[in-house]
Structures are given as structure tokens and as C-alpha cells.
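Both backbone and side-chain heavy atoms feed into the values below; hydrogens, waters and symmetry mates do not. Quick note on labels: first sequence line is chain A, next is B, and so on, each numbered from 1.
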Amino acid sequence: MDEVYDPAAVERTAQEHWRELDAYRAREGDPRFPKGKFYVCSMLPYPSGRLHMGHMRNYTLNDVVYRFMRSSGYNVMTPMGWDAFGLPAENAAIDKRVAPAAWTRANIADMKAQFAPMGFAFDWSREVATCDPAYYRWNQWLFLKMLKSGIAYRKTQIVNWDPVDQTVLANEQVEDGRGWRSGAIVEKREIPGYYLAITRYAQELLDRLESDLQGWPPQVRTMQQNWIGRSEGVRFAFPYTLDGERRLLWVFTTRADTIMGATFVAIAPEHALALDLARRDQRLGKRRLTDFIEECRKGGVADAELATTEKKGVPTGFFVQHPLSGEQVEVWIGNYVLLSYGEGAVMGVPAHDERDFAFARAHGLPIKQVIEIGGQAFSPSRWLDGYASTEGSRCINSRSRDGRYDYDGKRYREAVDAVATDLAALGLGEKKVQWRLRDWGISRQRYWGTPIPIVHCEACGVVPVPESELPVVLPEDLVPDGTGNPLTRDERFLACTCPDCGKPARRETDTMDTFVDSAWYYMRYCCPDAPTMVDERTGYWMPMDQYIGGIEHAVLHLLYARFWTKVMRDLGLTRIDEPFKRLFTQGMLLAHCYYREEAGGKKRWFYPAEVTEQFDERGVPLSAVAKEDGRPVLYGGIEKMSKSKNNVVEPGAFVERFGADTARAFVMFAGPPDQSAPWSDASAEGVYRFLRRLWSFCYEQRTRIIGAPRTVSDGLPSALKRVRHDLHVNLQQALFDYQRMQFNTVVSAAMKMLNGLEAAKAQPEAAALLREGVGILLHTLYPIAPHIAHALWVELGYAEDRGDLLDAPMPQPQAQALRQDELELVVQVNGKLRGRVTVAAEAGDEAVKALALADERVRKFVADKPIKKVVVVRGKLVNIVV
RNA sequence: GCCCGAGUGGCGGAAUUGGUAGACGCAGCGGACUCAAAAUCCGCCGCCCUAAAAAGCGUGUCGGUUCGACUCCGACCUCGGGCACCA
């Protein structure tokens, strides 16, 4: 045994040992593990080429769970793969003139090499890369199945259009309403695309959040619930006549009780009626509507952008008929009405909707109160929160002039029911459940993705590629240049024959959203070489027992994966309803970022290594300068580590200096893993010091530990009894924290154990306790810092007694060690700490009370005031209320 | 703008979920060892007032519930994540 801790040597030896055992290859139904399977998986990384500290955190969490569960007797499997399609490869192609395929595959090789020294327990035999035709053929195959069943369908979509580069832009490529490369003002454009009908599953996606996903963080369930956004309301129509034709303008409302207060109708700029009215006006030589609709076309399609643009509207001068009051109501075009939600049209009830109120005030529209709440005064000049309340509300002023419809005095529910019944009788409406969730548009006008298996034939139209011709293989040698999808210019790819008529045809050039790739990769890990999409091995491992990934995926990825699973279930490919039994969302590692504005308003982001930072004593960044020229750079805030902001911190140098165990223990120790944390390596020394101390301690005590008795006798001196008590308390704490995945405090517990053993070593009777304690400590630390734990486990003879640390069962705290004869209780007077008393463990409340009142300091504070109450919390405290 | 989180010493954080606020570390200060340095070891380390103690104050801000609140409730402020074509 070496005297000094040498992480490089320790880690090399341990990794060789595991390699020889082929330790992480998981087998279905492995008889060594009678407790059954446990599938733990981290969200697969995008192969940017550089492993960063955020990855380190994600995969260390994953590895800790793997090792802890295996130590608990489970047949654990943890795979790894690559989310290999997507935009960054195309950006690299533009920058470096390399094909996305070559760049991506080189990155995968690089990152795999960077993973090697970390000691992660991945079963690499299950590796999947989503850009591999053997994988994405099943995206295509399932897409065809969905097309057949009607889940997949074609319709128009609205995208960001760069009028200079003549290309579709991702939301990320739109900066302040302009194209990132051209700087041109982005426009909305309608193009055809494929959609998956996720809304058909909306109810089930909502219901199973509560019934099946109790193992998910509550805030993620809440986010998904709000995203799906079920609302019950009424869909109804305002009749009108245009060009001599009688038509209906449909709207949706959750507040049908306020229908008699509707004083206008607002429709989306893209609404068919808006376009009709604009055309009609144009014929009369008026351009106001056309200009407004044109103006609304400017800017991107991102919701965050739409929601923050100023709310504007124009009157159309066109009136529709209120279905119940019969009054004429003017139609407005409003940029805040979304075509994609509900009917793309809303009734405006200024008195009881805050946004309508503001709109009516701005445009001088009538405000008619039709709801009264608890006698609260109503003023059309000032909005009050209560105006929109449904609680304790009653309808007023809600009679039609002819007296046929009267809702006065009705409460919210009654009024909604009555309105719905009346509308239904007229054939102008009914109750309806409306979802905020929209169908999933999967078409991307991009090269580096799964080709959509469709052929366009002049004679037959849109024709699906037959299953037998799958996969439609993406050519890998194209290099995008920023001016659109190179597939549209690649004759080899485009040319094909129509599967129906056999005449020459053209291939679809759109590719699939990369969320399709990540919707089911975790099932392919179970059977990476299957000749079908999935096989019975998927049935063994799924559902996944623990999924781990960034909180930024709380809605989209996780919702799509849930949906995809249900589609596969309904096609008979799997029997599970939900893919992820338990979910852990790790917080992100954040880092300061710096930039400089360059000509044309483009931002250049600096790497941390490229700037010199100055902080004040509170850690707030004061200023920073670029190393290259010493001139200041602008502070861009503290944000998630991302390639686009160049603020990633890489673990390579860190691991070289301290070793993988320190890196792993340090990222675990840095803070609670479900919360985001700004990266700082300032306190890494402390963790390294701890591992060195542990090694030195074991080296110094090795003979004593190896020769010590295997059981601790009852007759320990009281000082050692206390050490043993604390040791088992810390073990109990660590096991609890392992289960709730709070690994930062597991590291603390291990440190406390070492501190306790250091204090005990001077006692001559300590040998057996040291042996027990070091065993517990190594086992506690093992999932987090496996290399050093393995090395010491072998050196000190634990392996001979209990077998390889990989599969040795976790120690359990012993009741005998946890038992205490005396307890120290805290004494409070009026809730403030005033003293402490030591009592026998089994002392009753009355005895404890008496002892507390007898305490000198307590008596001083109680003085001669009468005692109102004494609260005794067993084993904790006494509170005397005076 | 909407949805979801988080704010505790100089710093990262702990408090087994309503019961001793600051565990465990980092940094700092003092000391031991050393010719010296590194490493290591020992001690101190929320604020305020002190010679020291005692008292008082203290978990983003303001208010509430409770014998007792970092923890529960209400309002607000700041920061982070997501908002459907970044992954």
C-alpha cells in the first residue's frame, strides 16, 4: 500500500479491475440479483465535442444511483448514447466547412474518450447514436404507422422566415426580431408540415400525472399540467352575413356567464374572416386592415415574443350579431389573439377580463358590467382584481331586450349551464373542453435530421414510402451554408420513383424535429441490436425506474416521450402506459458570461479562459477585460452553461490535477443536485484534502484495521460509545440521503465519519471500532468516489471478508449502536433557547418538566411570572410559556 | 407577458420537512512543526455591544398563523428555468 494517495494510480488500477470483470454489462434476468431489475438513465447528451461540468454533474448523479442500487442488490443497467442530430452540427458546418456527419462522429469519439477517466458504470454495449440509420429508420417506421392511423397528418404551420437568407429560422436564430446571420427583420410565413396529434392524448397525459407519476417532482407535474392546460368552457358562434352569405364566427370562452357583457369580438390577424375583410376593404380602396395584418406578419413566432409585444388592434367596421342579445357587435383584429389557441377569435368582455378592459379603455369601446361580486362597487375607469372573480359572483344586467334570455341573479355555474343550453337550442354553441396543448409540429426545413419518409408525385400527390424501402437514408456528405436545406439541391437524394404509379417523383426534403429522436431512445437502449423497433428485452427493463436530467426538459421532451410511449402502446409495441417511474430533475450549472457587440449588432461571446474577471467581496462581478487586448467586455449575466454563450467549464484539467474521485465528490458536494448552482472550483481543495486524509488515515492504521476483531464488543468505553453512536447516526443519515438523492450531505456524512474515527484512534480499545467504522465509511463513500473506496477496500482486507465492493451489500445502522442512555434536551422560555438539561432516555414528561424548571438560567427568565403552559417535545425540547 | 423554482455568515451550503439556525467544507485569522516554504496538525471564526461575559438582533422585504416559523399563509422585490424550430 502506498503511503501517499496517488489518484492516477488508484483510478487506473480500479478501472482495469472493472474492465476485466466486464462489470457493467447488464443482462436481462441476471440470477445474481434476486431483487430484480433497476433501470437508471440520464438524458442523452448532445455531442458538442466537449464534456462540461454540467455533464459531469448529470452523469455522476446517474453513476451514484447505479452504484447505490447495485449495492442494494438490484440488477442495475445504465446505458449511454448520443442525441446526434440537430442545429449545432449545421452551425459548425457553416463555420468550419465540414459535413455535419463527420463533425458529429468525431465529437462522439472525443466525448467518449473524455468519459473514460470518470469511472462511470455505463454499459457501452448498448450505445445508441440517433444519427445512425439503424436507429432513425424506426422514427420513420413509426411515423408511417402514425400516418396510417391518423395520428400524423399534414397541415400548414407558421414559421420564422428570413427574407434575406431565404430560409426558415429556429426561434433561437431570431435575435430581437432579426435573423441572426442576415440581421433582416424576421417575418411569419405559412408552409405545409407534418403534425402529430398529441392532443388526442391530452386527457390521459393529464390524468396519469396524478395517478402514475407520484415519483416525479411536484413542480414538474404542475408545469406539465399547466402546459396541457385543460379548460372547460363554451364554444359558440356570432352569426353574420358577408358577400350575401350567412356565416358563423366561432369563439371559445371559459366565462360564458359574462356573455351578455360582450361588447366586441377580437380575431387573430391570420383568421380567415380577417383576410376576407381585408380583401373586401381593398376592393373599396382602403388599406387599413391589410396594412395592420402586414404589420402583424413582422417579427418571429416565438410565444415569448408575441406575449411581450404591445397589444394592438384595429376596428374592421364589420359587425356580427350577438347570439343571445341580438345586438350588433363590432369585429376587431387584435395582435394578441392567437390563431393556434381555441378558435382564433374571442369575445371581448371588458368589464370582467383584465386584458379586454385595457383594450376597451385604449380604444374607447363600451364597458358593460354584467357580474356583481358581494356588492363591490364597479367603476369603468379603473380595473380591480375582483372584476374577474367567479367566486360568489352573480349575473346582473343579463337580460336580452326581448326578454327571451335572462340570467340575472345566477351564480357562475348556473349561468354557464343556462347559457350553454340556450346556445345549444339555437344550434349556435355547446359546452367544450379546450386544451392549451397544441399538436406537435415535427417538420423542420433542415438537413441534419431524420428524413421524413414521403414522396411527392405529380400524379399521386403525397405518397408515404413503403415500409420495405426504409430507411430513407440521409446523405452524409452535404455541407449546409446557411442558405437553406442542401437536400433541396441534392439530385441523388431527390430523385426517386413514386411507390404508387412508378413514375419519377421527388423526395420530401423536410426532416424531423430532434425531439422525435429523444422520444424513445431509452427503449432502444434495452435492445440496441433488435431487428424490430423494440423487443421483449424492452419489456424487461421498461418502465425506467429512475430518469435523470436537466430541469430545462421539464415540459417539452418529457411530454413528447410520454406521448410517444402511449402511441407505441396503442400500436402494441409495448405494454407500459408511462416510460419514467421516477424522475429527478437536476438543476443547471450556471456560469458568468461575457460578450462584446460587434459590427452589425452581432454578439461575440468570450470563453471564461479569455477574460480576466474582478468581483467585489460579495462575489458580484464588477468588471472584466479580454485577455487578448486588455479592453473591457460586457457582462451577460449568469446563465446555463451553453455552447452558444461560450461559458462552459470543462472537467479535463480538473480531473488531471485532482483525479476523477475528487471531481465526482466535488460536483456532488457543491450543493443540492436539484438546484442550479453557479460554478466555482474555489473549494475543490477541501474535497481533495478529505480524500488524502482518508488515505493517510487508512495507511497509518492499516495493521490495526487488518488485525482487528470483526465485531465490536458491548463493553466500549463511553467516549468510544459516543463515536460509534455518531457513526451509525451518520450512516442512517447517509442512507436516507441516498434514497432522496441528496448526495451533497452524503459527502458531509462521510467527512463527519472520518472526523469521528480520527478522534477515536488514540484509544487502545478502538481497533474493532476502527475496522467497523472504516468499512462503513468506505461503503458510504463508494458510490460517489468509487476508485479510492475500491482500493482501500482491497488493501484493508474487506474484500476478503465481504467480496467485491461492486456487489457487497450496504451496511445498515445497528439499533444497539444507536441507543442512548441519556439525552440532552433544550429548554426554551417563550420559544427562546435559555438552557439545556440532560435526562435519562426513558424519562417521562413530568420528570422532564421538573428538571427544566429547576434549571438556574431558566428560573432567571421565568422569575415570578405565572406559567401559562409547558410544551414537551419528546427527545427534543421543553418550551415554558409565561 | 404567462407557467415553474430559488433567495440562510466573506463563499458553497446544513437543519431527517413546524422544535437548538449556521452541520460539513472553502476562505480568513492565531498557533505548532520547519533554517524556510509547502504539506500536515491544533484553536478561533453570523451581526452588534463588550476586557470578557450577559443581553439584544439575525434565514430577500413587509405583514399574518402558532407555545414555537428558514420551514405554513398573503403581498412584494431580486435572480434562475421554460414558453412549442436550441438541446
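A:Asn226 comes within 4.0 angstrom of the backbone, heavy atoms only, and of no base. At a threshold of 4.0 angstrom between heavy atoms, the contacts of A:Trp440 with the nucleic acid are absent. Here A:Ala302 lies in heavy-atom contact (under 4.0 Å) with sugar-phosphate atoms only. At the heavy-atom level, A:Thr222 lies under 4.0 Å from the strands shown only through sugar-phosphate atoms. Using a 4.0 Å heavy-atom distance criterion, A:Val159 is classed as a base contact. In this structure, A:Val168 reaches the bases: a heavy-atom distance under 4.0 Å links it to at least one base atom across the strands shown. A:His553 comes within 4.0 angstrom of a base, heavy atoms only. Contact annotation for A:Lys832: backbone-only contact, meaning every heavy-atom pair under 4.0 Å involves sugar-phosphate atoms and none involves a base. Nucleic acid contact class of A:Phe515 (heavy atoms, under 4.0 Å, all strands): base. If you check every strand for non-hydrogen atoms under 4.0 Å, A:Ala670 touches sugar and phosphate atoms only. Here A:Pro45 lies out of heavy-atom contact (under 4.0 Å) with every strand. Within 4.0 Å of A:Arg221, counting heavy atoms only, lies no atom of the nucleic acid at all. A:Leu877 comes within contact range of at least one nucleobase, with a heavy-atom separation under 4.0 Å.
Here B:G9 is in the syn range [glycosidic angle within 90° of 0]. Shown here, B:U17 is classed syn by the O4'-C1'-N9-C4 or O4'-C1'-N1-C2 angle, which is within 90° of 0.
The distance between the ring centers of A:Tyr560 and A:Trp440 falls below 6.0 angstrom. In this structure, A:Tyr136 has its ring center under 6.0 Å from that of A:Phe85. Ring centers of A:Phe584 and A:Tyr547: at least 6.0 Å apart, outside the cut-off. In this structure, A:Tyr336 has its ring center closer than 6.0 angstrom to the ring center of A:Phe359.
Residues A:Gln225 and A:Arg230 have side chains that never bring a donor and an acceptor to within less than 3.5 angstrom of each other.
Under 4.0 angstrom from either OP1 or OP2 of B:C2 there lies no side-chain N or O belonging to A:Arg355. At B:U40, one or more side-chain N or O atoms of A:Arg689 fall inside 4.0 Å of OP1 or OP2 (strictly under the cut-off). Using a 4.0 Å cut-off, no side-chain N or O of A:Asn755 falls inside it from OP1 or OP2 of B:C24. Contact annotation: A:Asn171 does not reach the phosphate of B:C83 (side-chain N/O to OP1 or OP2, under 4.0 Å). A:Arg857 has a side-chain polar atom (N or O) that falls below the 4.0 Å cut-off from OP1 or OP2 of B:A55. Using a 4.0 Å cut-off, no side-chain N or O of A:Asn730 falls inside it from OP1 or OP2 of B:C24.
Distance A:Glu172 CD to B:G82 C1': 14 Å, rounded to the nearest Å.
No donor-acceptor contact under 3.5 Å links the side chain of A:Asn830 to the base of B:G68. Between the side chain of A:Arg836 and the base of B:U20, a donor-acceptor pair under 3.5 Å is found.
Comparing A:Val220 and A:Ser676 against RNA chain B, the residue whose closest nucleotide sits nearer the 5' end is A:Val220.
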